[in-house]
Amino acid sequence: MPTPTIKVDAISKSFGAFKVLDGLSMQVMPGEKLALIGPSGSGKTTILRILMTLEKIDGGHIEVDGEQLYHMERNGQLLPANERHLAKMRQKIGMVFQLFNLFPHKCVMDNVTLAPMLTKGVARAAAEKRAMELLDMVGLADKAKAMPAQLSGGQKQRVAIARALALSPKIMLFDEVTSALDPELVEEVLNVMRKLAAETDMTMLLVTHEMGFAHDFADRVLFFDRGRIVEEGKPDEIFRHPKQERTQSFLKKIIAAGHRI
Amino acid sequence: MPTPTIKVDAISKSFGAFKVLDGLSMQVMPGEKLALIGPSGSGKTTILRILMTLEKIDGGHIEVDGEQLYHMERNGQLLPANERHLAKMRQKIGMVFQLFNLFPHKCVMDNVTLAPMLTKGVARAAAEKRAMELLDMVGLADKAKAMPAQLSGGQKQRVAIARALALSPKIMLFDEVTSALDPELVEEVLNVMRKLAAETDMTMLLVTHEMGFAHDFADRVLFFDRGRIVEEGKPDEIFRHPKQERTQSFLKKIIAAGHRI
Amino acid sequence: MDWDWDFVRQIMPVLLQGVKITILATVLGSILAAIVGLGIALARRSSNRLVSLGVGWFAEFIRGTPLLVQLYFIFYVLPDIGILLPPLVAGVIGLGLHYGTYTAEVYRAGIDNVPRGQWEAAKACNLSGRHTWTHIILPQAIPPMIPALANYFIAMFKETPLLSAITVLELMNQAKSVANTYYRYIEPITLVGAFFLVISLCSVMLLRWLEHRYGRIER
Amino acid sequence: ADDSKLEKLKSQGFARLAIANEPPYTAVAADGKVSGAAPDVAREIFKRLGVADVVASISEYGAMIPGLQAGRFDVVTAGLFMKPERCAAVVYSEPVLCDAEALLVKKGNPKGFKSYEDIAKDTSATVGAPGGGTEEKLALNAGVPRDRVIVVPDGQSGLKMVQDGRIDAYSLPVLSINDLLKKASDPNLEVIAPVVGAPVYCDGAAFKKGDEALRDAYDVELAKMKKSGEFAKIIEPYGFSAAAAMSTTREKLCTAK
Amino acid sequence: MTQWPGYFGLILQGALVTIELTLMGSVLALIMAFLAGMGRLSRFFVVRAIATTYIEFFRGTSIFVQLFWAYFVLPFAGLSLTPLQAGVLALGLNVGAYGAEVVRGAILSVGREQYEACTALNLGRWQGMRHVILPQALLVMLPTFGNNAIELLKATSVVSLISLADLTFQAQVVRSQTGSTLTPFLSAMVIYFSLALIISWGVRTLERRMARGLDGVRV
Ligand SMILES: Nc1ncnc2c1ncn2[C@@H]1O[C@H](COP(=O)(O)OP(=O)(O)OP(=O)(O)O)[C@@H](O)[C@H]1O
Ligand SMILES: Nc1ncnc2c1ncn2[C@@H]1O[C@H](COP(=O)(O)OP(=O)(O)OP(=O)(O)O)[C@@H](O)[C@H]1O
Ligand SMILES: [Mg+2]
Ligand SMILES: [Mg+2]
């Protein structure tokens with residue numbers, strides 16, 4: 001069995017007195033596409049943010065690609081990671097946010113080339129060549145010179161995906177990337193993600209309320225509730241034959257609200 | 001044939017150079033439940049806001065309950081309506097907003113009783129009695145003393161519905177009342193609206209992206225595109241056998257995006 | 001007491017002399033305030049509690065006491081510990097320090113107003129701290145600050161008459177001096193008012209333009 | 001109708017005085033009580049005129065004449081020396097307090113000032129004086145350029161500026177400077193008095209134009225006090241010379257060139 | 001040798017005058033701020049024009065000039081004010097003009113959707129203002145009003161120009177009577193700062209009171 005790309009081991013995380021993650025463990029294998037579903041507030045976003053090092057953990061361990069994420073080994077001892085170690089580990093991980101978080105003062109091209117040029121010292125010409133390939137892939141080659149404010153939500157999100165890909169991460173994290181979009185614009189983003197899933201062997205973690213897409217896209221689905229994984233399995237198992245009562249009632253409500261699975 | 005409750009006659013409305021409504025006409029019969037669907041920016045919200053007198057019209061006429069909305073008859077002449085006339089006409093109409101728009105500094109009870117007490121001079125005791133009935137109806141009798149910030153989105157929206165009902169309008173306007181809610185909370189609001197549709201003979205206009213709900217709820221569906229009504233008919237006709245190409249492509253995209261109809 | 005246009009003509013050159021000093025003091029004071037403000041804002045973000053709290057209280061103290069008294073202090077008390085400043089320099093330092101505590105708030109708000117998502121996106125792009133500041137945060141934080149900074153510039157301009165307390169011959173002092181020489185008060189003081197009004201109205205227009213130009217970043 | 005002002009003061013029971021924050025013309029005791037040569041004389045005269053009390057408020061020099069003109073004060077007794085321009089702006093009583101000009105300099109008078117002309121000649125020298133005061137005008141008339149005459153807000157500031165070397169000399173009437181120096185008791189300072197070529201000046205009580213009747217009544221009482229010696233009794237403890245005040249007249253001072 | 005206790009008493013008397021000025025000035029400023037701030041949002045052009053003129057005039061000219069006018073020029077127009085009245089008038093009108101912009105900004109900061117909810121509930125213009133908009137706007141205004149009150153406190157130091165025996169003025173008197181510079185000015189600064197702290201503490205307490213249960217409203 002190959003090393004898991006991500007190995008989360010009994011991590012916990014609280015905000016003040018509120019325990020968001022409670023001894024959570026999970027593993028993600030190389031190239032796996034994972035969907036994280038569950039009710040609001042169950043900790044789905046939090047685990048992605050922890051993997052992206054946007055939040056600290058209170059306890060437990062995380063390995064990415066066989067290396068400790070929040071700890072460094074020095075002379076056989078595990079020390080808390082310093083900023084240099086974190087920066088090194090972050091190279092393996094990219095993230096796309098619900099609200100895109102494009103840099104509003106930079107054009108599309110600069111949004112995509114900024115990080116490779118600054119963090120990897122890629123020359124401008126090379127960075128722009130790669131950026132054009134990526135923009136082409138997300139169908140926005142003609143918007144390279146546009147400012148983010150001139151784009152629709154769906155276009156912004158596709159730029160955000162290109163920007164994350166520009167650093168060639170091994171792992172991509174997607175947090176409800178379509179939930180801020182008009183329904184008509186959702187499809188164009190999902191199409192890009194389908195293409196990505198089909199064409200690359202990146203490991204992908206996806207938080208979503210689009211059960212239909214989660215079903216088609218994921219190799220495995222994790223159902224979260226109150227900071228724990230209540231149930232996991234193949235999409236068909238989870239969506240058609242959920243075992244846990246909590247999962248059943250959640251899916252029932254979602255269906256009643258008019259969503260297709 | 002009875003007088004239509006709402007009669008919209010060739011109205012037009014522009015924002016700057018952009019024509020949002022373009023010679024739109026429609027009629028709504030007493031007690032009818034109408035669903036307005038269509039792509040983003042097609043003018044659905046705008047027509048509701050015009051009926052609520054939140055926007056002015058540039059041309060055309062609107063009759064509510066047989067009376068002119070934006071005009072007054074004086075000595076056989078049609079004059080632009082003054083504030084007094086508008087206030088009189090507004091008594092017939094209530095509206096529920098996408099973002100609830102509760103008054104955050106007043107408790108639930110005060111939100112509901114404020115308008116009846118101020119605009120109709122209802123005594124506090126009577127207003128509170130009626131408010132309790134309404135809160136009971138929307139399932140929130142126990143939250144009367146809560147502040148809006150302490151409520152979930154679905155609860156807020158139900159308070160907003162009770163608040164609008166407190167003025168006993170003949171017509172209720174709903175603008176995407178569930179689209180700001182977490183999927184799990186959508187159902188509780190739709191339930192209240194189903195109950196309302198079943199129990200009262202109010203005329204109801206509903207803008208929504210929840211095609212499934214529109215299908216079950218409406219007597220008639222209007223499909224908007226670019227400020228015009230492209231197609232209208234019974235829900236089954238529109239959703240199962242749309243005649244216009246524009247309607248077909250719109251519904252296809254919505255379904256592809258994972259919504260059930 | 002009647003208005004005397006001949007007198008106005010006669011005193012105009014002297015008053016203009018005062019205007020020059022007033023503007024000089026304002027410009028130098030503003031530059032200092034912009035720098036001091038940034039220093040305070042950064043010091044208050046410092047992870048060293050001693051620095052952030054110390055600077056914080058110092059700034060609060062400066063902000064809570066009148067500039068007039070501070071000017072007296074700088075000019076008349078500091079020499080006792082060997083710091084002897086020329087009047088204009090003392091005035092500029094007083095203005096710069098006092099208004100620096102205000103601009104510090106502007107810097108702070110400007111930086112805080114950059115959405116958290118931008119910091120996070122920068123991290124997700126693996127940018128270093130320095131790159132995040134120079135390429136992402138400051139370019140977004142500074143343009144919206146410009147109107148607020150300009151506002152303090154105007155406020156400072158109107159407080160320059162205080163410098164007369166430390167013998168700077170700015171506009172108000174010139175006017176008083178003229179008035180005391182000829183025992184006519186209405187003309188010089190009214191002219192000072194008119195100068196202030198004209199310059200403020202012009203700067204209000206400039207401000208509107210700045211707000212329009214830099215006020216918000218489209219997202 | 002001319003006496004109406006005095007009648008008004010009598011009936012309200014007090015007169016409003018503008019005084020300067022400048023010992024020994026004015027002194028404020030630790031309990032806040034105002035005394036000093038100028039207000040003491042005024043208090044006595046008003047008492048004789050039938051006005052029971054005086055209410056003194058300390059004012060900036062620059063604010064005195066406008067305050068008088070605006071009807072804020074009934075009289076200014078603050079060491080405002082009589083000079084032709086001032087005589088045109090207000091109406092003065094007969095002379096009350098007289099004093100010559102002095103210069104406060106560093107010990108040993110390093111620049112050797114004897115007169116305002118000496119200051120004018122030394123192109124690096126600066127002199128401080130109260131804004132709008134007699135000294136400022138004397139210095140300007142002596143040819144000291146505007147930018148070397150520093151307007152100093154008050155005596156204490158002037159003293160401090162000489163101590164700190166900001167100005168080379170500070171000019172005030174002799175008695176004021178002596179008082180300042182006494183309080184500072186700084187052995188490194190020295191007073192040059194009187195300034196050569198500067199006239200002896202006298203102040204008088206200054207009234208608003210139109211209040212000539214009141215002024216005349218004031219003069220009558222003042223003259224009586226001068227004659228009886230009570231005047232000397234009041235002002236001499238403060239260091240002023242009654243003889244000086246009696247040796248000259250308003251007319252002389254107001255028409256001096 | 002110097003009778004310090006007595007002179008501190010004088011300084012405290014000055015502090016009382018400063019407090020009195022600050023309180024009365026704040027009341028006047030508050031009234032003017034609401035009148036002019038809401039006036040600028042009026043439907044009637046004339047009301048808007050008057051409010052705008054007032055605001056621009058008093059923000060445009062310096063407080064020194066306004067004080068001088070109130071004290072020395074108004075009497076020529078037959079309106080003779082005591083120094084305290086003139087001080088309160090100038091300070092109140094001046095700070096009121098700044099406050100008016102705060103009131104206006106706060107009213108505008110209440111989201112459009114709140115106005116629309118009022119219309120949809122058929123509340124009249126004034127009813128909506130009184131019951132829905134102002135209560136929310138008040139909370140937004142409060143912190144800035146606190147700052148304005150501190151500005152007013154500091155501005156009282158300039159009334160020494162019109163011979164009002166406030167804190168700064170008494171410090172000056174004590175300085176020239178005792179020959180000591182450091183002690184009176186340092187005491188004055190400490191007193192000013194304490195008063196400023198009291199104001200900001202008061203405002204914060206009030207704010208916390210009003211914000212209870214109101215997480216939805218921007219504070
Ligand atoms: N910075 C924070 N401070 C305090 N509480 C927080 C913070 N971030 C998240 N939380 C809380 O942690 C819980 C889990 O949040 P999280 O965002 O992970 O949920 P989620 O599963 O992504 O929900 P959703 O579907 O609504 O996005 C929530 O109750 C949230 O309120
Ligand atoms: N106040 C306004 N100023 C300028 N343009 C406006 C304004 N309000 C609406 N519009 C524009 O009018 C068009 C129609 O808007 P409307 O809100 O009616 O659409 P909609 O059908 O409700 O769309 P959605 O489904 O996104 O809510 C849009 O293009 C919108 O940008
Ligand atoms: Mg989330
Ligand atoms: Mg809409």
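Each chain gets a letter, A, B and so on, in the order the sequences are listed, and its residues count up from 1. Please read these numbers as outputs of a predicted model, since none were measured by experiment.
Environment of NZ in B:K56: sparse, with no more than 12 heavy atoms of neighbouring residues, nucleotides or ligands closer than 6.0 Å. Under a cut-off of 6.0 angstrom, the local environment of CZ in E:F45 is sparse, with at most 12 non-hydrogen atoms contributed by other residues, nucleotides or ligands. Other residues, nucleotides and ligands contribute only 12 or fewer heavy atoms inside 6.0 Å of the NZ atom of B:K129. Other residues, nucleotides and ligands place more than 12 heavy atoms under 6.0 Å from the NZ atom of B:K33. The neighbour count for B:D201 CG, taken as heavy atoms of other residues, nucleotides or ligands under 6.0 Å away, does not exceed 12. When the shell of 6.0 Å around CD of B:E73 is examined, it contains 12 or fewer heavy atoms from other residues, nucleotides or ligands. No more than 12 heavy-atom neighbours from other residues, nucleotides or ligands sit within 6.0 angstrom of CZ on E:R130.
In this structure, E:H131 NE2 and B:M117 CE are separated by 8.5 Å, a value rounded to the nearest 0.5 Å. For the atom pair CG of E:L123 and CG of B:L114, the computed distance is 5.5 Å after rounding to the nearest 0.5 Å. To the nearest 0.5 Å, the span separating CD on E:E113 from CG on B:L54 amounts to 12.0 Å. Interatomic distance, CG of B:N101 versus CG of E:L121, reported as 9.5 Å (0.5 Å rounding). To the nearest 0.5 angstrom, E:T119 atom OG1 is 9.5 Å from B:R49 atom CZ.
Heavy-atom pairs under 4.5 Å with chain E peak, among B:M95, B:R163, B:Q91, at B:R163. Of the residues considered (E:G111, E:C118, E:A117), E:A117 shows the highest number of contacts with chain B, using heavy-atom pairs under 4.5 Å. When each of B:R90, B:M52, B:E83 is scored by its heavy-atom pairs under 4.5 Å with chain E, the top score falls to B:R90.
Only the side chain of B:L167 comes within less than 4.5 Å of a heavy atom in chain E; its backbone stays farther off. Using a 4.5 Å cut-off between heavy atoms, B:L99 does not touch chain E at all. For a residue to count as touching a neighbouring chain, one of its non-hydrogen atoms must lie under 4.5 Å from one of that chain's; by this rule E:R112 touches chain B with the side chain only. Contact annotation for B:F103: both backbone and side-chain heavy atoms come within less than 4.5 Å of a heavy atom of chain E.
In plain terms, the two heavy atoms of B:L102 and E:Q114 that are nearest each other are O-NE2, 2.8 Å.
No side-chain heavy atom of E:P135 sits under 4.5 Å from any side-chain heavy atom of B:K106. E:L139 places none of its side-chain heavy atoms less than 4.5 Å from the side chain of B:H105.
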